Amino acid sequence: MLQVNIIREDPDKVIERLSVKNFDAKEIIGQIIELDTGRRATQTELDQLLSHQNTIAKQVGELFKSGKQAEANDLKNKSIALKDEVKKLHDLLHKYEHDLHQQMVLLPNCPSEKVPSGKSAADNEVIYSIDKLPELSSEAQPHWELASKYDIIDFELGVKISGAGFPVYKGKGARLQRALISWFLDRAGESGYTEVQPPILINEASGFGTGQLPDKEGQMYLVGLDNLYLIPTAEVPITNIFRDEIIDAATLPLKLTGYTPCFRREAGSYGKDVRGLNRLHQFDKVEIVQISHPDRSYDILEEMKDYVVSLLKDLNLPFRVLKLCGGDMSFASALTYDMEVWSAAQEKWLEVSSVSNFETFQSNRLKLRYREHNEKPKLAHTLNGSALALPRIVAAILENNQTSSGIQIPEVLVPYTQFEKID
RNA sequence: GGUGAGGUGCCUGAGUGGUCGAAAGGAGCAGUUUGCUAAACUGUCGUACUGGGAAACCGGUACCGAGGGUUCGAAUCCCUCCCUCACCGCCA
């Protein structure tokens, strides 16, 4: 959520920024300013009235104490006469606040100045890509065929147990999952991230804090009986650790990592894009999160991007890095890098990581602040990224590392898998 | 699921309907002092909205889980909801 005072100070700037996300904010900003003006006027008026009432109440008390009943009663009646007006203003103020909030929640985050303009994924800026795409032999197979050939992932079995999009990993497939998770966590730990294991069911307040609610409840599974949501990403529980906190600036940045399964309803998706591991309802992911001082957040974003890149390099996978254009960015992000690996058999890029700076968009919802010396608390910046999402990494490993004698496991993973080849 | 207790500031923890934004202690910050580590003493120390001011700052209002109500006046009384804890039952 944007801060109202920023809109108040320079509405045209906000409109201009949001246009980069192809969001026409002109009308809604107009309404917001109107509501904000009304809210403040009402508050001032109400405060004066309450102040008056408070004064009377004090006087009444003193008059009673000194036994001046008649005068006390006169004053009492005066206060009673103000009650209706107070109630009216009180209700009006609430209405302003409520309406203002309704509008504020609809506004996406302003993209940073560095964001290229553009309408769709086609306009994203490729800031790095491998020199040449690997070429596979003509017998090369897509990962879903390899998965069944070596009996390491069973999609049909998952359908039986749960439904489409819930694969069962078996044998060396399961072992590879566990190896990747362990290796990702170990690497994050070496880079200064503290490992956490958060809940994977979250309440409404947490969903609101990171921006999933109220807008995107359709993308999350709801455990209705208890009104809890299954997390779509570890970003939600991990960032919410700091909801309603005031953090000592000296301890920033805070760096956390965690592995969780992630659940996405992905309603309406179908076709070859969801074939195999491309898109699942349940998948594993290791997430990295940082809480940063505003002055440092863009340096940190670069650092996080470079960290993810280093993982992909170590895995020896063909990848590229995109800076997302305004039209392809998420609601809450101010700047996002996407990392994509090349799916050799499908001949397309698969997103395996998205690293974003949310600036104060989430922290304003979370009331996540930091304090410098003895100054007033200010909103911190939040950042997160996948490091990494497993299924598409597995798909890329299977496809790119296939040989006539089996799937070659990347060297860095061998200590974790305890085998070098899937055959 | 049953029963009971409780939700107060960064933390612990007092609080009789008016003088409580809230005792006390701790932490934090600033200072004084002892030759260092440390201790002692003094002071300071909530958040949000809002009016004024260039600013330091000054004023108003709200907030003692959330929302209503009673009252001239509510942390304190009443109602509803949410949450936490303890014990029992069940269970990994």
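Below, chain A is the first sequence line, B the second, and so on; all start at residue 1. The shown structure was predicted, so the numbers you read here are calculated from the model rather than taken from an experiment.
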Q) Which atoms form the tightest heavy-atom contact between A:Met220 and A:Pro232, and what is the distance? A) SD-CD, 3.6 Å

Under 4.0 Å between a side-chain N/O of [X] and OP1 or OP2 of [N], yes or no?
X	N	result
A:Ser51	B:U61	yes
A:Asn54	B:U61	yes
A:Arg39	B:U50	yes
A:Lys87	B:G69	yes
A:Arg371	B:C29	no

Distance check, [atom1] atoms only: [N] and [M], in whole angstrom units.
N	M	atom1	value
B:C88	B:U12	C1'	30 Å
B:U8	B:A66	P	10 Å
B:A55	B:G69	C1'	45 Å
B:G9	B:A75	C1'	12 Å
B:C45	B:G59	P	13 Å
B:C29	B:U84	C1'	32 Å
B:C58	B:A38	C1'	41 Å
B:G7	B:G15	P	10 Å

From [atom1] of [X] over to [atom2] of [N], roughly how many Å is that when rounded to an integer?
X	N	atom1	atom2	answer
A:Gln59	B:U19	CD	C1'	15 Å
A:Glu245	B:C11	CD	P	8 Å
A:Leu100	B:C49	CG	C1'	12 Å
A:Leu89	B:U50	CG	P	17 Å
A:Lys367	B:G46	NZ	P	20 Å
A:Lys376	B:C49	NZ	P	8 Å
A:Asp36	B:G51	CG	C1'	15 Å
A:His52	B:C72	NE2	P	16 Å

From [options], nucleotide with atom closest to [X] side chain:
X	options	result
A:Pro377	B:U47, B:G73, B:U50	B:U47
A:Val60	B:G51, B:G18, B:G60	B:G18
A:Gln43	B:G18, B:U50, B:C49	B:C49

Taking distance alone, no hydrogens or angles, what donor-acceptor pairs closer than 3.5 Å link side-chain atoms of residues 384-394 of chain A to residues at least two apart or in another chain?
unit_1	atom_1	unit_2	atom_2	d
A:Asn384	ND2	A:Glu235	OE1	3.4
A:Asn384	ND2	A:Glu235	OE2	3.4
A:Ser386	OG	A:Ser354	N	3.2
A:Arg392	NE	A:Asn278	O	2.8
A:Arg392	NH1	A:Glu351	O	2.8
A:Arg392	NH2	A:Asn278	O	2.8

Q: Find out whether A:Tyr229 and A:Leu213 are in side-chain contact, i.e. whether some heavy atom of one side chain is under 4.5 Å from a heavy atom of the other.
A: yes

Q.
Working note: A:Phe361 + A:Phe331, criterion ring pair (Phe, Tyr, Trp, His ring centres under 6.0 Å); need CA distance, chi angles, decisive distance, verdict.
A. CA-CA 10 Å; A:Phe361 193 80; A:Phe331 185 75; 5.7 Å; yes

Working to the nearest 0.5 Å, report the span between [atom1] of [X] and [atom2] of [Y].
X	Y	atom1	atom2	answer
A:Ile56	A:Leu82	CD1	CG	5.5 Å
A:Asp12	A:Asp10	CG	CG	6.5 Å
A:Met104	A:Leu100	CE	CG	6.5 Å

Q.
Using a heavy-atom cut-off of 4.0 Å across all strands, would you classify A:Lys83 as base, sugar-phosphate, or nothing?
A. base

Q. When all nucleic acid strands are considered with a 4.0 Å heavy-atom cut-off, which category describes A:Ile56: base, sugar-phosphate, or nothing?
A. nothing

Q: Sort by first number and list every stem of RNA chain B: at least 3 consecutive Watson-Crick or G-U wobble pairs, both distances under 3.5 Å.
A: B:1-7 with B:82-88, B:10-12 with B:24-26, B:28-32 with B:40-44, B:46-52 with B:57-63, B:65-69 with B:77-81

Q.
Both A:Leu50 and A:Ile80 contact RNA chain B. Which one's nearest nucleotide lies toward the 5' end?
A. A:Leu50

Q: Starting from the 5' end of RNA chain B, give me the residue, A:Gln48 or A:Gln53, whose nearest nucleotide shows up first.
A: A:Gln48

Q: Give me the residues of residues 246-255 of chain A where at least one heavy atom lies under 4.0 Å from an atom of RNA chain B, by number, or none.
A: none

Q) So does A:Asp99 pair up with A:Arg39, basic N to acidic O under 4.0 Å? A) no

Q) Does a salt bridge link A:Lys87 with A:Asp84, judged by any charged N lying under 4.0 Å from a carboxylate O? A) no

Q: Report the C-alpha separation of A:His94 and A:His90 in whole Å, then their side-chain angles, then the decisive distance to 0.1 Å, and conclude whether the ring pair (Phe, Tyr, Trp, His ring centres under 6.0 Å) test is met.
A: CA-CA 6 Å; A:His94 270 275; A:His90 188 256; 4.7 Å; yes

**Q.** Under 3.5 Å donor-acceptor, A:Asp123 side chain and A:Gly118 backbone
**A.** no

Q | Polar side chain donor-acceptor pair, A:Thr210 to A:Arg365, under 3.5 angstrom | A | no

